Amino acid sequence: MNKEKKVIRLGTRKSPLAMAQARLAAEAIERAFPELTAELVPIVTRGDRILDRPLVEFGGKGAFISEFERALLEGRIDGAVHSAKDMPEELAKGLVIAAALPREDAGDVLVTVKGRPLPDGPLLVGTGSPRRQVQIREMRNARCALLRGNIQTRLNKLREGEYDAMAAAGLKRMGLLSAPEFSFERLPEKEFIPAGGQGIIAVESREHTEFSHVFAAINDPAAFRSLAAERLVLKRLGAGCTGAVGVYSYSENGSFHIKLMKGTESGILRREISGAPEEYEALAAAVTEGLDHE
């Protein structure tokens with residue numbers, strides 16, 4: 001008689017991108033532990049329900065996380081799979097980031113409809129991100145308007161002509177970069193600084209769980225270090241999702257680099273620092289020195 005496999009329950013949002021990311025985590029777990037079955041548990045968040053207002057008006061990043069944290073603390077799920085950029089800087093007591101999967105392309109993409117003429121005047125770009133707004137306006141003649149919803153919803157609004165362009169991330173994981181009706185302009189992450197944690201799938205869990213060893217086994221140390229450094233920067237700046245702040249960290253030639261951008265009344269402030277990878281905490285503190293209380 002075959003022994004029934006033990007189930008590990010992973011919470012996820014219902015959007016196609018969130019489900020795709022959760023499946024990546026589930027597949028990684030099942031590869032490492034064939035005796036486990038990873039079950040996806042879809043959860044609808046406040047951020048998914050309210051689409052006509054900017055996130056800053058009703059809870060910021062916590063609008064995508066609070067329902068998952070409640071489910072974790074109540075034992076209804078064993079792990080919550082998040083786009084790391086959507087996670088608030090402070091987690092609920094008793095919860096931790098247990099794993100980070102290898103980082104995908106962290107850069108933003110500017111999407112337009114192929115063959116559609118662009119206006120002579122300012123380009124109307126759909127995005128709800130203050131970080132994207134200030135960087136887009138810096139690099140070209142553009143005005144920005146609120147655009148929320150999952151990627152397919154936003155692409156539909158672009159297709160229908162509500163916007164001239166939209167800024168997004170996560171298109172590669174959805175296999176959308178080959179969509180024939182759209183043109184894609186990649187905005188390199190070392191110049192157009194992404195949101196902290198962008199491109200990283202994070203697994204949140206209870207601090208003491210029977211599956212700690214499972215999450216440790218699928219953790220990618222480089223992605224985990226970058227996520228920790230970027231979250232430290234955001235925490236020191238008190239950025240949440242209300243500020244026009246971007247941070248990107250990476251290892252190159254044996255050094256660990258952090259790039260920071262912050263929108264101010266006088267323009268975009270940019271900083272960069274590098275050092276030993278094990279010193280990422282000190283580097284995060286140094287790159288924000290003098291900015292943490294602005």
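The model shown is predicted, which means the values in this text are computed figures rather than measured ones. Only this structure's heavy atoms are used, side chains among them; waters, hydrogens and symmetry mates stay out.
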If you round to the nearest 0.5 Å, how far is [atom2] of [Y] from [atom1] of [X]?
{"X": "L158", "Y": "Y163", "atom1": "CG", "atom2": "OH", "result": "10.0 Å"}
{"X": "C144", "Y": "I136", "atom1": "SG", "atom2": "CD1", "result": "4.5 Å"}
{"X": "I268", "Y": "I193", "atom1": "CD1", "atom2": "CD1", "result": "9.5 Å"}
{"X": "E189", "Y": "S249", "atom1": "CD", "atom2": "OG", "result": "11.0 Å"}
{"X": "F33", "Y": "I8", "atom1": "CZ", "atom2": "CD1", "result": "8.5 Å"}
{"X": "E191", "Y": "K259", "atom1": "CD", "atom2": "NZ", "result": "8.0 Å"}

Is it true that [X] and [Y] make a salt bridge, defined as a side-chain N closer than 4.0 Å to a carboxylate O?
{"X": "E30", "Y": "K5", "value": "no"}
{"X": "K93", "Y": "E90", "value": "no"}
{"X": "E185", "Y": "R140", "value": "yes"}
{"X": "R131", "Y": "D108", "value": "yes"}

For [X] and [Y], which heavy atoms make the closest approach, and how far apart are they?
{"X": "G11", "Y": "F68", "value": "C-CE2, 3.5 Å"}
{"X": "I200", "Y": "A100", "value": "CG2-CB, 3.9 Å"}
{"X": "I218", "Y": "A99", "value": "CG1-CB, 4.0 Å"}
{"X": "F215", "Y": "S205", "value": "CE1-CB, 3.6 Å"}
{"X": "A202", "Y": "M87", "value": "CB-SD, 3.7 Å"}
{"X": "L227", "Y": "G197", "value": "CD1-CA, 3.8 Å"}

ask   = Taking C-beta and beyond as the side chain, do F256 and S226 meet within less than 4.5 Å on heavy atoms?
value = yes

request  = Using a 4.5 Å cut-off on heavy atoms from C-beta on, say whether the side chain of P16 contacts that of I151.
outcome  = no

key: Those residues that, when tested against Y248, pass ring-ring contact (aromatic ring centres under 6.0 Å, His included) (two or more places apart)   =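 Expected list: Y250.
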
task = Determine, stepwise, if the pair V125 / R132 fulfils side-chain contact (heavy atoms from CB on, under 4.5 Å).
result = CA-CA 10 Å; V125 180; R132 286 175 175 149; over 6 Å; no

For K190, the option from H257, E252, E272 that meets side-chain hydrogen bond (donor to acceptor under 3.5 Å, both in side chains) = E252

task = Evaluate the side-chain contact (heavy atoms from CB on, under 4.5 Å) criterion for residues R76 and R70: first the C-alpha distance (whole Å), next the side-chain angles of each, then the deciding distance (0.1 Å), finally the verdict.
result = CA-CA 9 Å; R76 290 184 280 118; R70 191 177 307 116; 4.2 Å; yes

Hey, any chance [X] and [Y] share a hydrophobic cluster, counting ILVMFWY side chains that come within less than 4.5 Å of each other, even indirectly?
{"X": "L237", "Y": "L269", "result": "yes"}
{"X": "F211", "Y": "I77", "result": "no"}
{"X": "I201", "Y": "I29", "result": "yes"}
{"X": "L36", "Y": "L40", "result": "yes"}
{"X": "I258", "Y": "M261", "result": "no"}

inquiry  = Show, in sequence, the C-alpha distance, side-chain angles and deciding distance for F182 and V113, and conclude whether the side-chain contact (heavy atoms from CB on, under 4.5 Å) test is met.
reply    = CA-CA 5 Å; F182 297 108; V113 177; 4.1 Å; yes

Give a yes or no answer on whether the side chain of [X] reaches the backbone of [Y] with a donor-acceptor pair at less than 3.5 Å.
{"X": "R116", "Y": "R159", "answer": "yes"}
{"X": "R206", "Y": "S212", "answer": "no"}
{"X": "Q198", "Y": "K85", "answer": "no"}
{"X": "R9", "Y": "G75", "answer": "yes"}
{"X": "S83", "Y": "D86", "answer": "no"}

Residues 166-179, side-chain donor-acceptor partners within the protein, below 3.5 Å, at least two apart:
{"from": "K172", "atom 1": "NZ", "to": "E104", "atom 2": "OE1", "distance (Å)": "3.4"}
{"from": "R173", "atom 1": "NH2", "to": "G199", "atom 2": "O", "distance (Å)": "3.2"}

Under a plain distance cut-off of 3.5 Å, with no hydrogens placed, do [Y] and [X] share a side-chain donor-acceptor pair?
{"X": "Q21", "Y": "T12", "answer": "no"}
{"X": "T153", "Y": "N156", "answer": "no"}
{"X": "H82", "Y": "E204", "answer": "yes"}

task = Applying salt bridge (charged side-chain N to carboxylate O under 4.0 Å, His left out) between E230 and each of R236, R103, R225, K235, report the one that passes.
result =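 By the salt bridge (charged side-chain N to carboxylate O under 4.0 Å, His left out) criterion, E230 pairs with just one of R236, R103, R225, K235: R103.
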
message = Run T127 and S129 through side-chain hydrogen bond (donor to acceptor under 3.5 Å, both in side chains) and show every step you take.
response = CA-CA 6 Å; T127 176; S129 161; 4.7 Å; no

ask   = Is the NE2 atom of H208 crowded by more than 12 outside heavy atoms at less than 6.0 Å?
value = no

inquiry  = Is there a side-chain contact (heavy atoms from CB on, under 4.5 Å) between V233 and R271? Walk through the geometry before answering.
reply    = CA-CA 12 Å; V233 168; R271 287 185 175 179; over 6 Å; no

